[in-house]
Amino acid sequence: MEAMRAPSGTHDVLWPDSRRWEHVLARFSAAARIAGFGLAITPLIEDVRLFQRGIGQFSDVVSKEMYELTDRGGRRLALRPEGTAPVVRAFVQHRPALPWKAWYATPAFRYERPQAGRYRQHHQVGVEALGTPDPDLDVEVIALASGFYGELGLHEVELICNSMGCATCRPAYVEALRSYLASRADTLCPEHTTSFQASPLRVLDCKTEACRMATDAAPRLIDHLCQDCSAHFERVCSGLDEQGIAHRIEPRLVRGFDYYTRTTFEFVGLALDSAQNAVGGGGRYDGLVEALGGPPTPGIGFGIGIERLLLACDAEGCFQQDATQADVFVVDLVGGHAARSLVGELRAAGVPTARAYDQRSMKAQLKAADRSGAAIALIVGPQEEAAGAVAIRNLRSPRGSGEQDRVARENVLPAILEMAGTAGIVGLWGTAGVESVGGLDGEGVP
RNA sequence: GUGGCCGUAGCUCAGAUGGUUAGAGCGCCAGGUUGUGGCCCUGGAGGUCGGGGGUUCAAGUCCCCUCGGUCACCCCA
């Protein structure tokens with residue numbers, strides 16, 4: 001029988017790797033809440049038209065990368081390829097009071113050829129803020145992402161931004177660019193010599209030497225912005241300066257979704273070797289709500305790819321791998337009833353506690369205790385049981401020293417707390433909740 | 001969707017030009033120490049050599065197909 005495996009381009013995230021995910025998720029949710037964003041959970045499946053109308057019928061993501069399905073009722077559905085459209089759809093459907101700020105964490109599905117940093121199912125955390133064109137909001141949203149990277153200890157990240165203009169100024173610019181490209185069509189790369197007609201903006205983003213040179217002198221969008229867009233972009237940039245957020249204006253930055261207007265930005269992981277080095281990106285989408293059937297409402301948001309974020313964190317060595325499954329390990333040589341009662345008692349008191357099963361030998365149980373990373377072993381054999389006591393052993397004491405005491409059964413908890421001090425595990429528990437998950441507290445944050 | 005590289009134990013990998021029962025390190029299990037983890041020693045379990053077909057007296061090794069992984073293009077997080 002062939003062993004089952006996860007579909008191509010999808011991955012399992014298991015302990016201890018998953019610790020980093022818990023950490024990232026906990027940090028992001030905290031940062032988002034502090035910034036006034038509330039969690040939004042929306043369905044993984046949506047009407048395909050949501051993405052066709054939102055992202056754009058002819059975008060690559062919609063035209064050739066969507067996971068589409070027909071349900072038993074004949075509805076055409078799609079697995080979300082990105083996070084913004086569903087949240088904006090929820091806004092249109094429920095019309096919460098403005099401004100509305102939501103954060104999310106979600107898988108996203110795109111049928112692409114997998115490679116480093118690119119998967120068919122990947123995961124994003126992100127935010128959407130709807131209801132005002134105020135550039136202060138742009139700054140705030142960008143600052144949230146930027147601060148989040150910093151909190152994780154990720155520093156080799158470059159912020160690049162651009163403005164895509166609006167319905168007033170962009171069409172004229174696109175026309176200008178198209179005719180410029182037409183004049184140099186023969187110097188473009190093979191792929192763009194004809195396709196520039198349909199999507200001239202894409203050529204700006206082309207990495208080939210030919211297109212680079214050809215577009216060096218091309219008209220730049222930021223020079224063709226209308227007065228409003230220009231003023232808006234200036235205020236975003238000065239706002240970022242004011243906050244001390246380094247950024248580079250990149251007139252070539254073109255993002256793949258049709259809904260973007262005005263501010264667009266991307267965070268590039270400089271420590272990443274892979275060609276997939278965008279660790280986050282987003283922008284304003286002042287026409288999206290309307291396109292989805294809601295009232296004219298401006299909005300802005302970003303998404304951060306967790307897999308790429310983690311790749312970047314690895315490249316910078318943000319996390320120390322130091323997994324512990326428990327702080328206390330119970331070794332039972334009396335048939336299991338001591339383990340049952342001690343484990344129950346300690347866990348109820350909030351102490352991460354593990355034990356062995358199957359009545360294995362003492363050596364095997366202590367070995368398991370060692371591997372679990374526990375700092376303390378509680379040992380109950382016939383002698384202890386007869387004396388109504390528990391042996392408490394410091395698993396972190398120097399090799400051979402075998403530091404071990406015997407305490408009365410009822411004094412186990414205080415004895416653990418006392419030894420915890422010398423074993424150097426204070427604080428591993430007691431700060432219950434996501435922040436202490438996996439003992440990652442403080443790691444990676446200078 | 002296009003192209004390059006790679007699939008041998010749970011993991012990392014050896015296995016010249018085809019030739020006996022396919023190996024190592026790590027990990028796992030047990031014993032050495034009948035009540036004490038880490039270091040050490042001994043032993044053990046674990047493989048349809050990704051799958052299918054072909055060439056051959058003989059295929060992990062050569063050929064074809066296929067699946068999977070990986071990298072790049074494309075696109076994006």
Side-chain angles (χ1 to χ4, degrees), chain A residues 1-11 14 55 59-66 80-84 105-126 145 189-192 195 199 202 205-208 253-257 266-269 272-282 301-312 329 331-334 356 358 360-385 391-404 406:
Chain A
M1 183 66 88
E2 189 192 344
M4 300 293 296
R5 47 176 305 134
S8 178
T10 70
H11 296 276
L14 307 178
I55 301 171
S59 65
D60 283 21
V61 166
V62 169
S63 63
K64 50 190 196 201
E65 296 175 2
M66 267 209 300
R80 60 169 57 166
E82 56 102 44
T84 298
T106 180
F109 304 86
R110 290 177 206 165
Y111 192 87
E112 303 177 272
R113 192 77 172 262
Q115 67 176 267
R118 197 178 69 182
Y119 312 101
R120 288 186 177 166
Q121 176 178 342
H122 77 280
H123 300 78
Q124 294 187 21
V125 291
C189 78
E191 171 159 1
H192 286 116
S195 74
S199 44
R202 284 257 74 95
D205 202 33
C206 184
K207 295 172 196 95
T208 62
L253 176 63
V254 172
R255 297 183 50 80
F257 301 155
E266 208 166 276
F267 292 94
V268 179
L272 253 23
D273 292 330
S274 158
Q276 263 59 46
N277 61 0
V279 294
F302 67 74
I304 293 175
I306 298 180
E307 287 85 352
R308 285 187 194 173
L309 177 69
L310 258 16
L311 247 25
F329 195 100
V331 173
D332 178 303
L333 303 170
V334 291
D358 303 316
R360 302 220 281 151
S361 70
M362 186 182 203
K363 177 173 177 166
Q365 291 193 49
L366 273 166
K367 201 169 182 181
D370 191 44
R371 275 201 313 268
S372 77
I376 293 172
L378 296 179
I379 304 168
V380 180
Q383 291 168 26
E384 286 78 12
E385 188 178 45
I392 177 167
R393 182 177 181 82
N394 185 349
L395 295 175
R396 306 238 172 116
S397 57
R399 258 195 84 210
S401 75
E403 184 193 325
Q404 183 170 321
R406 181 184 277 202

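This structure is a prediction, so every number in the text was calculated from the model and none was measured. All chains are named by letter (A, B, ...) in the order of the sequence lines, taking the proteins before the strands, and each is independently numbered beginning at 1.
Separation of the P atoms belonging to B:G52 and B:U48 is 11 Å when rounded to the nearest angstrom. Taking the P atoms as reference points, B:C49 lies 12 Å from B:A59, given to the whole Å. For B:A45 and B:A9, the C1' atoms lie 11 Å apart once the distance is rounded to whole Å. If you take atom P in B:G38 and the same atom in B:G46, they sit 25 Å apart, rounded to whole Å.
Across all strands, A:R113 comes closer than 4.0 Å to base atoms (heavy-atom distances). Within the 4.0 angstrom heavy-atom criterion, only backbone atoms of the sugar-phosphate kind lie near A:S8; the bases stay farther away. Contact annotation for A:G126: no contact, since no heavy-atom pair falls under 4.0 Å across all strands.
Under the Watson-Crick or G-U wobble criterion, with both distances below 3.5 Å, B:G19 is paired with B:C57. Across all strands shown, B:G7 forms a Watson-Crick or G-U wobble pair with B:C67, both key distances being under 3.5 Å. Pairing for B:G35 is absent, judged as Watson-Crick or G-U wobble with the two contacts each under 3.5 Å. Partner assigned to B:A72 is B:U2, using Watson-Crick or G-U wobble distances below 3.5 angstrom. For B:G44, the paired base is B:C28 (Watson-Crick or G-U wobble, both distances below 3.5 Å).
In this structure, the nucleotide among B:C73, B:G38, B:A30 sitting nearest to the side chain of A:Q115 is B:C73. For A:M362, the side-chain atoms get nearest to B:G35 when compared with the rest of B:C39, B:G35, B:C75. Comparing atom distances between the A:Q383 side chain and each of B:C29, B:G35, B:G37 picks out B:G35 as nearest. Considering only side-chain atoms of A:R255, the nucleotide from B:G1, B:C75, B:A77 that sits closest is B:A77. Proximity note for A:Q124 (side chain, C-beta onward) versus B:G1, B:A77, B:C29: the nearest is B:A77. If you check B:C76, B:C29, B:G35 against the side chain of A:R202, the one that comes closest is B:C76. Taking the side chain of A:R399 as heavy atoms from C-beta on, and the options B:C39, B:G37, B:C76, the nearest nucleotide is B:C39. The listed nucleotides are B:G35, B:C71, B:A77; the one nearest the side chain of A:Y119 is B:A77. For A:D60, whose side chain is taken as the heavy atoms from C-beta onward, the closest listed nucleotide among B:C74, B:C71, B:C29 is B:C74.
Of the residues near RNA chain B, A:I304 and A:Y111, the one whose nearest nucleotide (by heavy atom distance) lies more toward the 5' end is A:Y111. Both A:E307 and A:R360 lie close to RNA chain B; mapped to their nearest nucleotides by heavy-atom distance, the more 5′-ward contact belongs to A:R360.
Judged by distance alone, with hydrogens and angles left aside, A:R118 brings a side-chain donor or acceptor within reach of the base of B:C74, the pair sitting under 3.5 Å. Residue side chain A:Q404 reaches the base of B:U36 through a donor-acceptor N/O pair under 3.5 Å, judged by distance alone. The base of B:G32 sits within donor-acceptor range of the side chain of A:K363, with an N or O pair under 3.5 Å. Looking at A:E65, its side chain has no donor and acceptor atom pair within 3.5 Å of the base of B:C76. Side-chain atoms of A:R308 and base atoms of B:C76 include a donor and an acceptor less than 3.5 Å apart. Between the side chain of A:E384 and the base of B:G35 there is at least one donor-acceptor pair of N/O atoms closer than 3.5 Å.
Summarising the geometry, the separation between NE2 on A:H122 and C1' on B:C75 is reported as 12 Å, rounded to the nearest angstrom. Between A:D332 atom CG and B:G37 atom P the separation is 17 Å, expressed in whole Å. If you measure from atom CZ of A:R110 to atom C1' of B:C75, you get 9 Å, rounded to the nearest angstrom. Rounded to whole Å, the distance from CD1 on A:I392 to P on B:G37 is 18 Å.
Glycosidic conformation of B:A16: syn, with the torsion inside 90° of 0.
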